[in-house]
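Here the structure is laid out as structure tokens; the discussion comes afterwards.
Along the sequence shown, residues are numbered consecutively beginning with 1. Heavy atoms only: backbone and side chains are in, while hydrogens, waters and symmetry mates are out. Note that this is a predicted model, so its numbers are computed, not measured.
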Amino acid sequence: MSGVLILSFSTVIVKIIGLAYKIPLMSLLGAEGMGYFNTAYEIFALLCGISTSGLPVAISMLVSRAREKGDAAALGGIFKTSSALMLTKGVVISALLAVFAPYAARIVGNPDAALAILAISPSVFFSCAAGAIRGYFQGCRQMLPTAVSQLTEALSKLGFGAGFAAVAVARGADVPTAAAFAVLGVSVGSLLSAAYLFVRKRREGIPHSEKRRGFFLPLLRISFPITLCSALVGTTRMIDMTLLMRRLTDVGLSPAEANRIYGSYTTLALPVFGLVPAFIPPITESLIPRLAAAVSAKDGDESRRAVANAMRLTALVSLPASLGISVYSRQIIGILFSNESEAVKIAAPMLSVLGASVVLSCLITTSGAVLHSYGRVVFPIAALGVGAFVKAVSAYFLIGDPQLAEMGAPISTLFSNAAVLCLELIVVRRVCGKTGLGSCLPRAALASIVSIALSYALYAPLSGRLGETPAFLLALALAVVAYFFASVILGTVDGNDLAFLPDFRLKKKKR
């Protein structure tokens, strides 16, 4: 649990730093420049996910098994094999991205983003190098190096990215060039993260081994389903970007206008949307060992309790946040990006629709963990594939409708997440017998509505007297307190939910 807490805490901090990173960049580059920046970053995220999402997990599993057996020779062999595989992938993908940067920019409908894509291409190689070492340390149950490397990367992106962009703007660079300088900060952050892990590896030491055979196929077999899931998620985001750019030009907008809308959407709306799901991994990390043990012991009652508690807790956390983001979308991004009134005007309605998807996204994470615990690793991939198809079809028609235009992007995300969640819940109910959401969702929804309604009743009169920011913070505090009491009164929270949370009490050692 200490490892889970370390990684969860670092993940949330990295998310917050990532959001903070966008604020100075938005001021320096504007919505147009952030469109070029985010185009390059989405392409990098897709390729990086394909390169590094599955193999570090596979490395950690094989290293953990070898440590349990006391096989030091296997530890060295696993690391050598995985490092060679990761570095080869990194070199090939980074080189291809650098060479074909102009073609990639034209394919997604944003040709002026070519320089930014070129600037981010080395990051794939550095991320692959870091991924192999992270996987090894995680297999040794050392989560701190991964957390420190993530924070190093995030802080370096913030410092170097904003610094490079400021220098470029001060020297009169055009917007695409300034965006490329900002993206260069991502590459520097990836380099420093990999350098830290390399130094840490040299200091810790890895057993020397000439043994390299027998690890390649297990690495591929374990990593393939995870890589495919990551590729599908990344593909869905690429569909979002490509169709938003292309279909907006089809309805009469210029490429610069379409890029400005895309920049506002991805810089203001999507980071806020992604904050709440970052709090769900601790729930799934607590669920998996408990559920896996119950499944192995064929304890059906304990399995159902574990699933029900995890799903209920996810709903309890995400439902009020989902409703709050929908209602207060303008206030949230208006406070964060107070100097970008035009971008806020574009992004606020889109975030309001995305808010409805927050609860769906969180429940997808937990239901996917349930299916993995039951050994149904293929079905989440199939569900994500269906979601990507729903996303592509609905986005094409909705964004192409002049009455909806850019609003079609968040609406199609809502349709896609709803399709994925429905499919996963059907299978969860089939393998487990219950999901735990039947009685919880109506009560949690009512508690959320009551708390947000009370908070808005306070916000409306106070905003004119105190200003938007103080009024919103007071309304937010009231919403949290009101939701807690409404949940208790309505019976939404019970002892089982509290018992499912990890026990962080310090226990005295026996002498």
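Residue-environment remark: CZ (F379) exceeds the threshold of 12 foreign heavy atoms within 6.0 Å. The 12-atom threshold is exceeded at OH of Y459, counting heavy atoms of other residues, nucleotides or ligands nearer than 6.0 Å.
Here the closest heavy-atom approach between residue P349 and residue V344 is recorded as CD-O, 4.5 Å. The minimum heavy-atom distance between A457 and P461, with the atom names listed, is O-CD, 2.9 Å. The two residues Y328 and S455 make their nearest non-hydrogen contact at OH-OG, 2.9 Å. Nearest heavy-atom pair, Y21 versus A182, reported as atom, atom and distance to 0.1 Å: OH-O, 3.4 Å. Considering every non-hydrogen atom in both L25 and A162, the closest pair reads CD2-CA, 4.0 Å. Closest non-hydrogen pair, L87 versus A129, comes out as CD2-CB, 3.8 Å.
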Original post:
Given F472 and I332, is the side chain to side chain contact (heavy atoms under 4.5 Å, CB included) satisfied, shown in steps?
Top reply: CA-CA 8 Å; F472 172 71; I332 294 170; 3.8 Å; yes
**OP:** Take L319 and L441 through the side chain to side chain contact (heavy atoms under 4.5 Å, CB included) test and state the conclusion after the steps.
**Re:** CA-CA 8 Å; L319 253 176; L441 278 180; 3.7 Å; yes
Original post:
Are I381 and L232 close enough, and set up right, to give a side chain to side chain contact (heavy atoms under 4.5 Å, CB included), and what steps lead you there?
Top reply: CA-CA 8 Å; I381 299 173; L232 286 170; 3.7 Å; yes
Subject >> Evaluation steps, side chain to side chain contact (heavy atoms under 4.5 Å, CB included), between F181 and V167 >> reply: CA-CA 9 Å; F181 272 90; V167 170; over 6 Å; no
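At a threshold of 4.5 Å between non-hydrogen side-chain atoms, the residues V272 and L336 count as touching. The shortest side-chain heavy-atom distance between L425 and L437 falls under the 4.5 Å cut-off. Contact annotation: the side chain of F273 never approaches that of P410 to less than 4.5 Å [non-hydrogen atoms, C-beta and beyond]. Contact of the I335 side chain with the L473 side chain is not registered, since no non-hydrogen atoms from C-beta on lie closer than 4.5 Å. The closest side-chain heavy-atom distance from I426 to R430 is below 4.5 Å. Between L275 and V358, the closest side-chain pair of non-hydrogen atoms is not below 4.5 Å. Contact of the F126 side chain with the S193 side chain is not registered, since no non-hydrogen atoms from C-beta on lie closer than 4.5 Å. Within the 4.5 Å cutoff, side-chain heavy atoms of V276 are placed close to those of C362.
For the pair R134 (side chain) and T146 (backbone), a donor-acceptor distance under 3.5 Å is absent. T267 places no side-chain N or O within donor-acceptor distance of the main-chain N or O of S264, the cut-off being under 3.5 Å. Checking side-chain atoms of K89 against main-chain N and O of S51 turns up a donor-acceptor pair under 3.5 Å. Side-chain N or O atoms of S367 include one that pairs as donor or acceptor with a backbone N or O of L363 at under 3.5 Å. No donor-acceptor distance shorter than 3.5 angstrom exists from the side chain of S451 to the backbone of F484, with no hydrogens or angles considered.
Checked by atom type, the side-chain pair S121/S94 shows no donor-acceptor distance below 3.5 Å. When only modelled atom types and interatomic distance are considered, T177 and R171 share no side-chain donor-acceptor pair under 3.5 Å. No side-chain N or O of T266 forms a donor-acceptor pair with one of Y41 less than 3.5 Å apart.
Annotation: the span from M245 atom CE to D250 atom CG amounts to 11.5 Å, rounded to 0.5 Å. Taken to the nearest 0.5 Å, the OG atom of S416 stands 13.5 Å off from the CD1 atom of I411. The line from OG1 of T365 to CG of L421 is 10.0 Å long, rounded to the nearest 0.5 Å. To the nearest 0.5 angstrom, S463 atom OG is 11.5 Å from L474 atom CG. In this structure, the separation between CD on E340 and CD1 on I23 is 10.5 Å, given to the nearest 0.5 Å. For the atom pair OG of S156 and CG of L191, the computed distance is 9.0 Å after rounding to the nearest 0.5 Å.
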Run the side-chain donor-acceptor check on residues 255-263: report pairs under 3.5 Å with partners two or more places apart or on a different chain.
{"from": "E257", "atom 1": "OE1", "to": "S254", "atom 2": "N", "distance (Å)": "3.0"}
{"from": "E257", "atom 1": "OE1", "to": "S254", "atom 2": "OG", "distance (Å)": "3.3"}
{"from": "N259", "atom 1": "OD1", "to": "N110", "atom 2": "ND2", "distance (Å)": "2.7"}
{"from": "N259", "atom 1": "ND2", "to": "E32", "atom 2": "O", "distance (Å)": "2.6"}

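Partners of R330 by salt bridge (Lys or Arg N to Asp or Glu O under 4.0 Å), not counting sequence neighbours, listed by chain and number: E468.
A tilted orientation is assigned to the rings of F160 and F164, their planes being inclined by 30° to 60°.
Applying the salt bridge (Lys or Arg N to Asp or Glu O under 4.0 Å) test to every pair with at least one member in residues 382-407, sequence neighbours left out, gives these pairs: D240-K391.
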